[in-house]
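What you are looking at is a predicted structure, and each value in this text was computed from that prediction instead of being measured. Order of appearance sets the numbers: ligands from 1, and atoms from 1 within every ligand.
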Amino acid sequence: MSTPETFYEQVGGEATFRTIVARFYQEVAEDELLRPLYPEEDLSGAEERLRLFLMQYWGGPQTYSEQRGHPRLRMRHAPFKIGLAERDAWLRCMRIALDEVELTTEQRDRLWRYFEMAAHSMVNSWF
Ligand code: HEM
């Protein structure tokens, strides 16, 4: 009996997450609110970390945790001031990335609901 496909596999595996995250960071690079938050001049490290995290989250290889340990995403975002405007800017970039990749409506909605929830949970500045 074959094991059921993970969501990671259903959406096309690593290639799909690579496409989404690369497009997302193209937008971040041009975003006046988000770009200054990223400590490194080169965004490729941040791009790789987000890609590996998402692959792991959706049932793909656990490489993120092998390299970085437990995600603890709220803690890792604590050094950055993330208010509602930053959350909305992050989601704007992700919306563009999601809309361009080939997915079914159900798959896109599932990813989007997750991103909305996750981005909101990263807000750490309310003033
Ligand atoms: C790292 C900003 C939401 C996942 C980072 C970094 C910044 C940042 C500045 C450091 C870059 C680096 O790793 O070099 C933001 C902002 C958000 C947001 C402004 C707005 C709400 C999210 C969400 C997720 C996420 C929703 C997951 C779905 C990650 C991951 C890392 C990261 C996996 C790397 C953590 C590590 O291993 O060090 N983010 N982020 N972020 N972010 Fe976000």
Side-chain angles (χ1 to χ4, degrees):
M1 230 171 68
S2 60
T3 44
E5 262 196 327
T6 60
F7 186 71
Y8 167 81
E9 288 164 328
Q10 285 167 25
V11 298
E14 176 166 3
T16 299
F17 289 94
R18 191 174 283 279
T19 304
I20 294 171
V21 175
R23 186 67 186 88
F24 170 79
Y25 271 107
Q26 272 179 16
E27 286 302 311
V28 169
E30 302 293 325
D31 189 284
E32 285 176 13
L33 203 56
L34 295 179
R35 185 60 187 89
L37 293 177
Y38 287 80
E40 290 171 17
E41 201 184 315
D42 178 3
L43 288 174
S44 60
E47 181 176 329
E48 183 178 21
R49 288 184 280 277
L50 180 58
R51 180 176 71 247
L52 290 176
F53 170 78
L54 293 173
M55 288 164 57
Q56 168 169 313
Y57 180 87
W58 291 104
Q62 305 296 296
T63 316
Y64 176 84
S65 281
E66 283 162 21
Q67 293 182 0
R68 307 288 292 164
H70 189 287
R72 297 183 204 285
L73 282 191
R74 250 190 82 78
M75 188 196 77
R76 290 191 205 264
H77 286 77
F80 315 113
K81 182 179 174 291
I82 303 180
L84 299 180
E86 287 78 8
R87 176 201 65 186
D88 291 347
W90 193 100
L91 285 170
R92 183 191 66 79
C93 298
M94 191 50 88
R95 185 75 245 179
I96 291 170
L98 267 191
D99 282 348
E100 288 184 13
V101 80
E102 214 175 296
L103 295 168
T104 68
T105 305
E106 288 74 22
Q107 290 168 341
R108 202 184 313 280
D109 288 351
R110 188 165 171 193
L111 284 165
W112 182 246
R113 280 197 305 275
Y114 164 72
F115 283 132
E116 280 190 318
M117 178 280 292
H120 190 69
S121 79
M122 239 52 93
V123 174
N124 56 25
S125 170
W126 297 92
F127 306 103

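Here the closest heavy-atom approach between residue Leu34 and residue Cys93 is recorded as CD1-SG, 3.9 Å. When all heavy atoms of Pro61 and Met55 are compared, the pair lying nearest together is CG-CE, 4.0 Å.
For atom 21 (C) of ligand 1, the closest non-hydrogen atom on the protein side is Ala119 O, 3.6 Å. Scanning all protein heavy atoms for the shortest distance to atom 12 (C) of ligand 1 gives Arg49 NH2, 3.4 Å. Counting only heavy atoms of the protein, atom 19 (C) of ligand 1 lies nearest to Leu37 CD1, 3.6 Å. Protein heavy atom at the shortest distance from atom 6 (C) of ligand 1 is Phe80 CE1, 3.6 Å. When hydrogens are left out, the protein atom nearest atom 2 (C) of ligand 1 is Tyr38 OH, 3.5 Å; that is the closest non-hydrogen contact. The protein atom (non-hydrogen) at minimum distance from atom 38 (O) of ligand 1 is Arg68 NH2, 2.6 Å.
Using a cutoff of 4.0 Å between basic side-chain nitrogens and carboxylate oxygens, Arg95 and Asp99 are scored as salt-bridged. With respect to Arg23 and Glu27, a salt bridge is recorded, a charged nitrogen being found less than 4.0 Å from a carboxylate O.
Of all atoms in ligand 1, numbered sequentially from 1 with element shown, those under 4.0 Å from a heavy atom of Ala46 are 11 (C), 12 (C), 14 (O). Close approach of ligand 1 to Leu50 (heavy-atom distance below 4.0 Å) involves ligand atoms 4 (C). Of all atoms in ligand 1, numbered sequentially from 1 with element shown, those under 4.0 Å from a heavy atom of Tyr64 are 35 (C), 36 (C), 37 (O). Taking every non-hydrogen atom of Leu73 and a distance limit under 4.0 Å, the qualifying atoms of ligand 1 come out as 4 (C), 27 (C), 30 (C), 33 (C).
Remark: Glu100 CD to Phe24 CZ distance equals 13.5 Å, nearest 0.5 Å. To the nearest 0.5 Å, the span separating CZ on Arg51 from OH on Tyr25 amounts to 11.0 Å.
Of the possible polar contacts, none joining the Tyr64 side chain to the Arg49 backbone as a donor-acceptor pair under 3.5 Å is found.
Between the choices Tyr114, Phe53, Phe115, Trp90, the shortest heavy-atom distance to atom 17 (C) of ligand 1 belongs to Trp90. Of the options Glu40, Arg74, His77, the smallest heavy-atom separation from atom 41 (N) of ligand 1 is shown by His77.
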Working for side chain to side chain donor-acceptor pair (under 3.5 Å), residues Glu86 and Trp90: CA-CA 6 Å; Glu86 287 78 8; Trp90 193 100; over 6 Å; no

